[in-house]
Amino acid sequence: ITYSTLNTKSKVLLPDSTEVWLHNNSSITYKFNEDLNQREVNLSGEAFFNVKHNKQFAFLVASKGVEVKVHGTQFNVNAYPSTNNVLVSLYQGSVSMKSNEKNIFLKPGEEGLFDSKNKNITVSEGDVEFAKIWTSDKIRFENKNLREVCRYLSKWHGIKFEIDSEINDNQSYTFTFRGQDIEEVVGIMAKIHSFDYV
C-alpha cells in the first residue's frame with residue numbers, strides 16, 4: 001500500500017493501526033512480509049511515526065540504505081531525496097539504525113544522522129520537539145526572535161525563509177497560531193515589528 005502527499009501534510013492509519021504523519025512531498029510504501037513476520041515501510045521525504053506495538057511483528061522503516069528498527073515508539077524520519085542524509089529523531093521509546101555492519105540504538109531525545117555517501121551513522125542530543133513540530137495543529141511562541149520563529153515556520157510549512165542580515169534579533173514575538181496561511185502569519189508579524197517582506 002502506498003500513501004503520498006504533494007504540497008500538504010496528511011495523517012494516515014496503516015493496516016496495523018500505526019499512525020503516520022506525512023510531510024509535504026513525501027511518500028511511504030507499507031508491506032507486511034509474511035516470510036519474515038515483519039512490517040516494512042519504505043520512505044521518501046519526511047514522516048512522523050506512532051507505531052502500534054506488536055512483539056510478534058517487527059516494524060522497519062527503510063530509506064537510502066539505512067534501516068530503522070522500531071521497538072514500540074514515536075519518532076521522526078527526515079529523508080528527502082534532495083539530501084544525502086537520513087535524520088532520525090527519537091521522541092519516545094526505542095529505535096535502532098542499521099547500515100551494513102553498524103547497528104546503533106537511540107534513546108529518547110537523541111537524533112541519529114545517516115550519511116548515505118559514506119554509510120556512517122552519528123548520534124547526538126537533538127531538538128526532537130522541533131523535529132516533530134510540523135505534525136502539530138498549532139504552534140505557541142514565547143519570546144522568540146524573528147529568526148527563531150522563521151525556523152519553526154519553515155519546518156511547519158516546508159518552505160525556506162531568507163532574512164536580511166541587517167535585521168537584528170532584539171525584538172521578540174509571543175503568539176499562538178493554528179492553521180493560518182503563511183502569508184497571514186508573516187503579515188501579522190510585520191505589523192507587530194515593522195519589516196517588509198515579499
Side-chain angles (χ1 to χ4, degrees), residues 1-117 119-123 126-137 155-159 179:
I1 303 173
T2 299
Y3 305 87
S4 60
T5 61
L6 291 176
N7 295 319
T8 185
K9 296 178 282 188
S10 181
K11 185 178 182 181
V12 298
L13 191 66
L14 300 185
D16 68 341
S17 296
T18 289
E19 295 178 347
V20 183
W21 274 97
L22 285 176
H23 210 332
N24 300 337
N25 303 304
S26 301
S27 66
I28 58 170
T29 300
Y30 174 89
K31 174 186 175 184
F32 178 71
N33 189 323
E34 292 186 48
D35 296 332
L36 298 176
N37 281 338
Q38 62 189 24
R39 300 163 287 170
E40 301 172 350
V41 171
N42 281 291
L43 168 67
S44 175
E46 184 170 11
F48 182 82
F49 296 85
N50 185 359
V51 178
K52 181 71 172 179
H53 183 60
N54 189 324
K55 288 183 179 180
Q56 292 181 303
F57 307 114
F59 192 96
L60 306 174
V61 179
S63 186
K64 298 184 183 180
V66 68
E67 184 180 88
V68 181
K69 187 173 183 178
V70 178
H71 309 278
T73 189
Q74 293 183 27
F75 63 104
N76 194 76
V77 181
N78 188 326
Y80 279 104
S82 58
T83 71
N84 293 318
N85 298 330
V86 176
L87 180 65
V88 179
S89 305
L90 181 58
Y91 187 71
Q92 189 179 93
S94 176
V95 299
S96 59
M97 296 178 68
K98 182 179 180 181
S99 177
N100 296 332
E101 299 303 314
K102 294 183 179 178
N103 191 24
I104 297 175
F105 279 81
L106 301 182
K107 295 182 293 186
E110 290 184 336
E111 292 184 328
L113 182 65
F114 171 71
D115 186 326
S116 62
K117 279 190 173 181
K119 308 300 180 188
N120 188 45
I121 301 173
T122 56
V123 177
D127 188 350
V128 296
E129 289 291 344
F130 173 72
K132 73 180 286 278
I133 193 69
W134 63 271
T135 67
S136 305
D137 61 350
K155 179 75 173 176
W156 208 79
H157 286 280
I159 60 175

Under the side chain to side chain contact (heavy atoms under 4.5 Å, CB included) rule, collect the residues that match up with [X], sequence neighbours excluded.
{"X": "Pro108", "answer": "Leu90"}
{"X": "Ser44", "answer": "Ser27, Pro81"}
{"X": "Thr122", "answer": "Leu113, Asn120"}
{"X": "Ser96", "answer": "Lys69, His71, Asn103, Phe105"}

Check your understanding: Any ring-ring contact (aromatic ring centres under 6.0 Å, His included) pairs touching residues 33-53, not counting sequence neighbours?
Key ->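 For residues 33-53: Phe49-Phe75.
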Is there side-chain contact between [X] and [Y], with heavy atoms separated by less than 4.5 Å?
{"X": "Val41", "Y": "Leu14", "result": "yes"}
{"X": "Trp134", "Y": "Asn78", "result": "no"}
{"X": "Ser26", "Y": "Tyr3", "result": "no"}
{"X": "Lys64", "Y": "Thr83", "result": "yes"}

Review point. Considering residues at least two apart in sequence or located in another chain, which fulfil the ring-ring contact (aromatic ring centres under 6.0 Å, His included) criterion with Trp21?
Key: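 Expected list: none.
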Quick one: list whatever passes side chain to side chain donor-acceptor pair (under 3.5 Å) with [X], sequence neighbours left out.
{"X": "Lys155", "result": "Glu46"}
{"X": "Ser63", "result": "none"}
{"X": "Asp16", "result": "Thr18, Arg39"}
{"X": "Asn33", "result": "Glu40"}

Point to revise | For Lys9, all residues meeting salt bridge (charged side-chain N to carboxylate O under 4.0 Å, His left out), sequence neighbours excluded | key: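 If we apply the salt bridge (charged side-chain N to carboxylate O under 4.0 Å, His left out) test to Lys9, skipping adjacent residues, there are no hits.
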Review point. Taking only residues two or more places apart in sequence, or in another chain, which ones meet Glu19 in a salt bridge (charged side-chain N to carboxylate O under 4.0 Å, His left out)?
Key: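 Applying salt bridge (charged side-chain N to carboxylate O under 4.0 Å, His left out) to Glu19 gives Lys11.
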Review point. Does NZ belonging to Lys102 count more than 12 external heavy atoms closer than 6.0 Å?
Key: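 For Lys102, atom NZ is crowded (more than 12 foreign heavy atoms under 6.0 Å).
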